[in-house]
Enquirer: 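Please read through the structure below; I'll follow up with questions.
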Protein chains: 6
Amino acid sequence: MLTAPYALQYEPLLLAALAEDLGSAGDLTTDAIVPAAAHARADVVARGPGRVAGIGIATAAFALLDPAVSMTVAAEDGTDVAAGTVLATVEGPARALLSAERVALNLLGRMCGVATATASLVAAVAGHRARIVPTRKTTPGLRTLERYAVRAGGGADHRFGLHDGILVKDNHILVAGGIPTAVGRARDHAGHMVRIEVEVDTLEQLDEALALDVDAVLLDNMRPAMLAEAVARVGGAALTEASGGIDPTTVRDVAAAGIDLISTGWITHSAPALDVALDVTV
Amino acid sequence: MLTAPYALQYEPLLLAALAEDLGSAGDLTTDAIVPAAAHARADVVARGPGRVAGIGIATAAFALLDPAVSMTVAAEDGTDVAAGTVLATVEGPARALLSAERVALNLLGRMCGVATATASLVAAVAGHRARIVPTRKTTPGLRTLERYAVRAGGGADHRFGLHDGILVKDNHILVAGGIPTAVGRARDHAGHMVRIEVEVDTLEQLDEALALDVDAVLLDNMRPAMLAEAVARVGGAALTEASGGIDPTTVRDVAAAGIDLISTGWITHSAPALDVALDVTV
Amino acid sequence: MLTAPYALQYEPLLLAALAEDLGSAGDLTTDAIVPAAAHARADVVARGPGRVAGIGIATAAFALLDPAVSMTVAAEDGTDVAAGTVLATVEGPARALLSAERVALNLLGRMCGVATATASLVAAVAGHRARIVPTRKTTPGLRTLERYAVRAGGGADHRFGLHDGILVKDNHILVAGGIPTAVGRARDHAGHMVRIEVEVDTLEQLDEALALDVDAVLLDNMRPAMLAEAVARVGGAALTEASGGIDPTTVRDVAAAGIDLISTGWITHSAPALDVALDVTV
Amino acid sequence: MLTAPYALQYEPLLLAALAEDLGSAGDLTTDAIVPAAAHARADVVARGPGRVAGIGIATAAFALLDPAVSMTVAAEDGTDVAAGTVLATVEGPARALLSAERVALNLLGRMCGVATATASLVAAVAGHRARIVPTRKTTPGLRTLERYAVRAGGGADHRFGLHDGILVKDNHILVAGGIPTAVGRARDHAGHMVRIEVEVDTLEQLDEALALDVDAVLLDNMRPAMLAEAVARVGGAALTEASGGIDPTTVRDVAAAGIDLISTGWITHSAPALDVALDVTV
Amino acid sequence: MLTAPYALQYEPLLLAALAEDLGSAGDLTTDAIVPAAAHARADVVARGPGRVAGIGIATAAFALLDPAVSMTVAAEDGTDVAAGTVLATVEGPARALLSAERVALNLLGRMCGVATATASLVAAVAGHRARIVPTRKTTPGLRTLERYAVRAGGGADHRFGLHDGILVKDNHILVAGGIPTAVGRARDHAGHMVRIEVEVDTLEQLDEALALDVDAVLLDNMRPAMLAEAVARVGGAALTEASGGIDPTTVRDVAAAGIDLISTGWITHSAPALDVALDVTV
Amino acid sequence: MLTAPYALQYEPLLLAALAEDLGSAGDLTTDAIVPAAAHARADVVARGPGRVAGIGIATAAFALLDPAVSMTVAAEDGTDVAAGTVLATVEGPARALLSAERVALNLLGRMCGVATATASLVAAVAGHRARIVPTRKTTPGLRTLERYAVRAGGGADHRFGLHDGILVKDNHILVAGGIPTAVGRARDHAGHMVRIEVEVDTLEQLDEALALDVDAVLLDNMRPAMLAEAVARVGGAALTEASGGIDPTTVRDVAAAGIDLISTGWITHSAPALDVALDVTV
């Protein structure tokens, strides 16, 4: 089930983006050229093929600028579209359509880009158990929307941030002086609703972590053969997550190792935006 | 001269990003494992080669979380670095270093990514007059920082948003019923400090715009030969800007046409992030 | 064309003003005396003659306090009205009308005051080419609305702030060590959409600036005869702006010198408010 | 005793004003021309004579922009200064001095203007018991600072807003159906710390109000002779406040009638700003 | 008359509470289990007996989350209800009902708790002149709503905060060096709409305060016999307020001493919440 | 380990509370009576016995109002103190001490109240395995601080809100049409870091939940004998949490049933505040 965030979770972002583009002086070009009474209709169109995400969220920018704008969605989030597909149609005061266009498209292009990149990885691991999950390597301020886009792309959730899951990483282990101490402290501190995952770089570390009965292990930067060995050692006693160097060319081999989860920052920090545009009819 | 934004322009973004990652419950892992009194030192390191941008801005996240963190910059914005280069060193309470790490790196990686992409285009057009400029296709909420990163990459400025320049685009022309009406209205409305640029798709439109004595023309999606013809027709009477389909493989041919400005959204909406990391020493 | 700001540009100001007046405890008098069910109708009336500005913006305060208030505008922004003219009529819950009255009138009186002062200068220069423009000497937080009021008064726009135009002033020249260095640095740094204006105090400085081919010159505190000489020297090669000591008694002589633009802070920082009132009918 | 607001009461206003002027792109002129390392010193100077108010508040803008700016106040709030007087000296990074100049001066000029106008009224009523008090006709968002300026001008306080005092006005009386009902409801509702004042237009209304034992009466738009008669009827049983048409030419006659308080919106909504400037030394 | 705050006074609190509970990731449970199209109806029910306060305010949380939720109030603020009473019914998207439930109930339970505690004190002093009033010992951020709840419980208002009344307390007297100096300074500084109350611990201090003709005296921590003696000494020349150690078991004896006002922090800082729940029908 | 939130998590709350108390007009009493130069020292004292929580957080209010205030903590969070114990000493400008006093004490009293109530339950279950955990029945806006106070009282964490744990409650089961469907949907939707707990009212429901291999079961409103039977049936296959009707008189019997976790809203929504005061020395 693909559940969109409530408007109160993304409206502040859209308002800030509109303020960023309009400044205090407003849209000089549109205000000069387009009469206040002019009415228009416009299609939001995908210029390239991709997976839709954020069509209702991003296009809410139009009605935020002017409540007289109405909108009809033609391609729901989570669907694949060909180049040229109309994703939504907006209609209302021409000024609002032109002045909010870039804000809506910037957000939509980014969200579709994340979804499309995710979908490509999901497709690449088809037939394997692995689920594609995001990391915390997201754009500052956009994590809720980028993670929603990952789900629209067929990915699953990881912890959202530092506050809703324990992931013991190399630096924690360094400070604690070892995996057992680090995991022990984490377990003492953690509430009963929190899962504990430990990042390991070697099979020795993996054995240490498994001996502590953790919920999941993050196998960092291991090659497929070593991942397969790790999966074998875990033997279902914990969830296995692989990360490091994941992209469309490498992901299938990782999945083939039998990994449960494959996480990658690439889908959020480096995925190219989908090319989306607004075709206006006066 | 590379002028960084004042802290009051980017601190709200960092605070929001910290809040996004820490949530209300804070960093469960670090709070559990790292003693409050633990002190650490860490290097911010580039894992790949690239152009630095945002080193002082992004790493301000550490001191925002805990004012006891101090910082020394080793590679200034605007410099090129090899993989493995230490960009800055931070020192202070270990908890703050670990809890703010991801926010600092997410922003730094993105800014360096934009600068690196820009620098690659700037290098590609070396020897030609063309300057690389950004578009308004930036990440919602990050335009100030992404444009600063473009400058760190050797690019120049375009208008910032809708409020500080008039760019008459196809839809404005459509609503106005023609370039002369659109430009006329723009000129009547515009203050004397505002420049007027007109987007044209054909040489006929170009002639129309030139007849109106506009400050600049945006030659949209023209091929190099047509760009050269356009530059010839303009004959120095206006600035020429080319856009559409610009990337490292196409940019040199565009520049060779004698264009003044080359704008591309690619450097802001689709540039891959630079891989940056935090190496901690206890 | 008189283009009003979008509500999202002025609503925060109205909300802050309502909060300032209502505090946390609300309107003690109205809450005590006026029943929740009482309904009223009220006219917003100009007590003196003037130019209308902000009628729709300022009276939005009523509906922000209670969405059940409706409003009809009788005198549009930009029109001249005689004392006693009804500018708008509001109708709805009596409490909201009385509790938001002062906020609406404070803003309306100020905006009409700015428009009226501007209109008096515009009238004074009738027959001359000069346009009246505002400065940055506006009320903190109200610049968007005060500049809109200037336009309602028949004035034109200047740059909005420090971010959308380059105005090289005496202190910049002092730091740079001369006009050529200052303008040179400005030109190197400025994007192609930015105009450059230089403030000059003497005819020698004027010649220096003209030699640099700047877009406009600000002739500061020159007397009419000297202004005429300056206009002659410029000879159409740049826009001419006069400032300093402009008020209704001096403006015509300045305009007569052939100046393009006359800027004055008086219309925003010292214009008396128009007397506006709310006449309630139960 | 002149008590300045805490910084947390005015800093948000200064930050908003800086954001308004700097926009997202910053100070184009200063950033281009002034090197980051340039240091300067500047005097804040009164160009005309007046009463100082806000010298510490307004000039806090410099250090908000850059904490490296230091400040020394030379003329405290509440003092009278001649034209040419140095009010304060600021020193630090030249960029911050130039970029925050206008924000600081706009606020200072306005506050000194209010104080100066108030002081002129206070001087005009010297020898009489009357105190000059402000109304709620203040600039949206600036009430705290404008009322502080009134006190710096020698004025006293009125209620701050709708929330901290009951002032029964004509419309309340209209809705309630008469003064006794209105005052009765106010008294039932009011907490024991709240004073009740009633606005009256006629001597008959005055008698009605006095019979209800109110704390103060607002004598609206009465001529001096009628004010004197009103004062006689009150006979010290309530405070008397006069309002309507108060300015420097009329205030003394009103005071001579023996009034306790004279309120006027003129000092806040229409007082001309004091001319203040920044003289920079490199 | 029970006057509810305007929505703009409490909506920010509800939005913050929703954000606190939903975080950035939203309601994981409801999003997973409840289909977007599911519709539900639910009763807000009092599980125990009490006085209603905040039914319209607290339940506004549902519609803030999703404007498609409608609401009908069954038991108005200020009424007493038995256990099991339906206070309101909400209807709309099931997700919004479940996701906003806790925010609405947390606020409602607290407000009803305050009202119920207040009502118990009001009932306890029935037949005496004393009114029950709140102190400033309220929950940070909730004072407007807790004081509204006090009024719903039959209590009256005290000053709202530090800004709308003068209450000279022991520490002020200590700093000033005595009651006469403290009251003298207060009177010099206070506007004419401000009442002055003085806290006294002894009858000697009471005499001192009375000699200064203050508006009210706060008799702090006096036993009933001493309170009666104090009331006698005051003899109607000032309002008398008793505080310290007030609870349902002690309040009647205090009232019997003839006190005008009884203030207690217990009703706001320590009143148990009323048990309220949401009974959902699919 | 007791980990306090970062200042950026609680400073906005303190600033809002100061604004609530000071309003726009400030502290009328202190501003009138206490000279700006007066310096004072004050002890924060517990008037009753209790568990300390928030001493550093709440007293940060003083320095937020005036950075010249310094503070020394004498009794750390998590310690038990007798009546009369000095918890901290603050020193600085007397105005700031008096004006921020109530905000600091209101928050401190509430946090110590929560910690003290929690500690009383923790003490009551000594010798049993049960840990005391909070619910989401917290004060709107204060959840981070109240949960921190619970930990200072010896309690453990539950999920923070709706966003960081799945708790399938009666209404979810109702909408889904049964526990298996509800848990199935939850499992499909949940990320791998999320634990799933199910609320059950009967032993039949318990068996259903256990068959689904959930992480924890919430045994709602069961009597001790039934709890013991439930614990036996679970047999360590899931964590057991008891809730409903928990208070100091009932908690020990619940713990004796062998429950892992006991949750109660009483410690946050109805715990009486600890009486804390500020003893000032001039």
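Residue numbers start from 1 in every chain, and the chains themselves are labelled A, B, ... in the order their sequence lines are given, proteins ahead of strands. Hydrogens, waters and symmetry mates play no part in the numbers below; they use all other heavy atoms, side chains included.
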Enquirer: With chain F as the partner, which of Pro272(E), Ala32(E), Ser99(E), Gly141(E) has the greatest number of non-hydrogen pairs under 4.5 Å?
Expert: Ala32(E)
Enquirer: Give a yes or no on whether the backbone of Ile33(F) and the side-chain of Arg185(E) come within a donor-acceptor separation of less than 3.5 Å.
Expert: yes
Enquirer: Which bit of Ala182(F) is near chain E, if near means a heavy-atom gap under 4.5 Å: side chain, backbone, both or neither?
Expert: both
Enquirer: Are Arg147(F) and Asp157(F) close enough for a salt bridge, meaning some N to O gap below 4.0 Å?
Expert: yes
Enquirer: Please report the interatomic distance CG(Leu13(E)) to CG(Leu18(E)), rounded to the nearest 0.5 Å.
Expert: 9.5 Å
Enquirer: Side chain, backbone, both or neither: which part of Asp164(F) has a non-hydrogen atom closer than 4.5 Å to chain E?
Expert: backbone
Enquirer: Between Leu28(E) and chain F, which part of the residue has a heavy atom less than 4.5 Å away: side chain, backbone, both or neither?
Expert: both
Enquirer: For Leu98(F), is it the side chain, the backbone, both, or neither that has a heavy atom closer than 4.5 Å to a heavy atom of chain E?
Expert: side chain
Enquirer: Heavy-atom cut-off 4.5 Å, strictly under: side chain, backbone, both or neither for Thr135(E) against chain F?
Expert: neither
Enquirer: Could you tell me which portion of Arg159(E) (side chain, backbone, both or neither) has an atom closer than 4.5 angstrom to a non-hydrogen atom of chain F?
Expert: side chain
Enquirer: Before you tell me yes or no, could you show the steps for Glu241(E) and His158(E) under side chain to side chain donor-acceptor pair (under 3.5 Å), namely the whole-Å CA-CA distance, both residues' side-chain angles and the distance that decides it to 0.1 Å?
Expert: CA-CA 10 Å; Glu241(E) 175 183 349; His158(E) 207 307; 2.8 Å; yes
Enquirer: Would you indicate whether the side-chain heavy atoms of Val168(F) and Ile179(F) approach each other to under 4.5 Å?
Expert: no
Enquirer: Only pairs of heavy atoms separated by less than 4.5 Å count here; which of Ala17(F), Ala25(F), Ala273(F) has the most with chain E?
Expert: Ala273(F)
Enquirer: Do you know which of Thr281(F), Asp170(F), Thr139(F), Leu174(F) has the most heavy-atom pairs with chain E at a distance under 4.5 angstrom?
Expert: Thr139(F)
Enquirer: Hey, is the main chain of Thr249(E) close enough, under 3.5 Å, to the side chain of Asp247(E) for a donor-acceptor pair?
Expert: yes
Enquirer: With only heavy atoms counted, which part of Ala271(E) is less than 4.5 Å from chain F, the side chain, the backbone, both or neither?
Expert: backbone
Enquirer: When heavy-atom pairs shorter than 4.5 Å are enumerated against chain F, which of Val103(E), Leu107(E), Thr30(E), Leu14(E) gives the highest number?
Expert: Thr30(E)
Enquirer: Which bit of Arg136(F) comes within less than 4.5 Å of chain E, counting heavy atoms only: side chain, backbone, both or neither?
Expert: both
Enquirer: Can you tell me which of Asp31(F), Asp188(F), Val194(F) forms the most heavy-atom pairs within a distance under 4.5 Å of chain E?
Expert: Asp31(F)
Enquirer: Quick one: which of Leu278(F), Thr181(F), Val175(F), Val183(F) has the most heavy-atom pairs under 4.5 Å with chain E, could you say?
Expert: Val175(F)
Enquirer: Does any N or O in the side chain of Glu11(F) come within less than 3.5 Å of the main-chain N or O of Ala7(F), such that one atom is a donor and the other an acceptor?
Expert: no
Enquirer: When only pairs under 4.5 Å are counted, which of Gly165(F), Gly161(F), Gly26(F) shares the most heavy-atom pairs with chain E?
Expert: Gly26(F)
Enquirer: With a 4.5 Å cut-off on heavy-atom pairs, point out which of Asn106(E), Val34(E), Leu162(E) contacts chain F the most.
Expert: Leu162(E)
Enquirer: Can any side-chain N or O of Thr268(F) pair as donor or acceptor with the backbone N or O of Lys137(F) at less than 3.5 Å?
Expert: yes
Enquirer: Answer with side chain, backbone, both or neither: which region of Arg102(E) has an atom nearer than 4.5 Å to a non-hydrogen atom of chain F?
Expert: both
Enquirer: What part of Leu105(E) is in contact with chain F, defined as an atom under 4.5 angstrom from a non-hydrogen atom: side chain, backbone, both or neither?
Expert: neither
Enquirer: Within the distance-only criterion (no hydrogens, no angle test), does the side chain of Thr118(E) pair as donor or acceptor with the backbone N or O of Val114(E) below 3.5 angstrom?
Expert: yes
Enquirer: Is Ser243(F) reaching over with its side chain to a backbone N or O of Thr264(F), donor-acceptor style, under 3.5 angstrom?
Expert: no
Enquirer: Using 4.0 Å as the upper bound for N to carboxylate O, is an ion pair formed by Arg143(F) and Asp21(E)?
Expert: yes
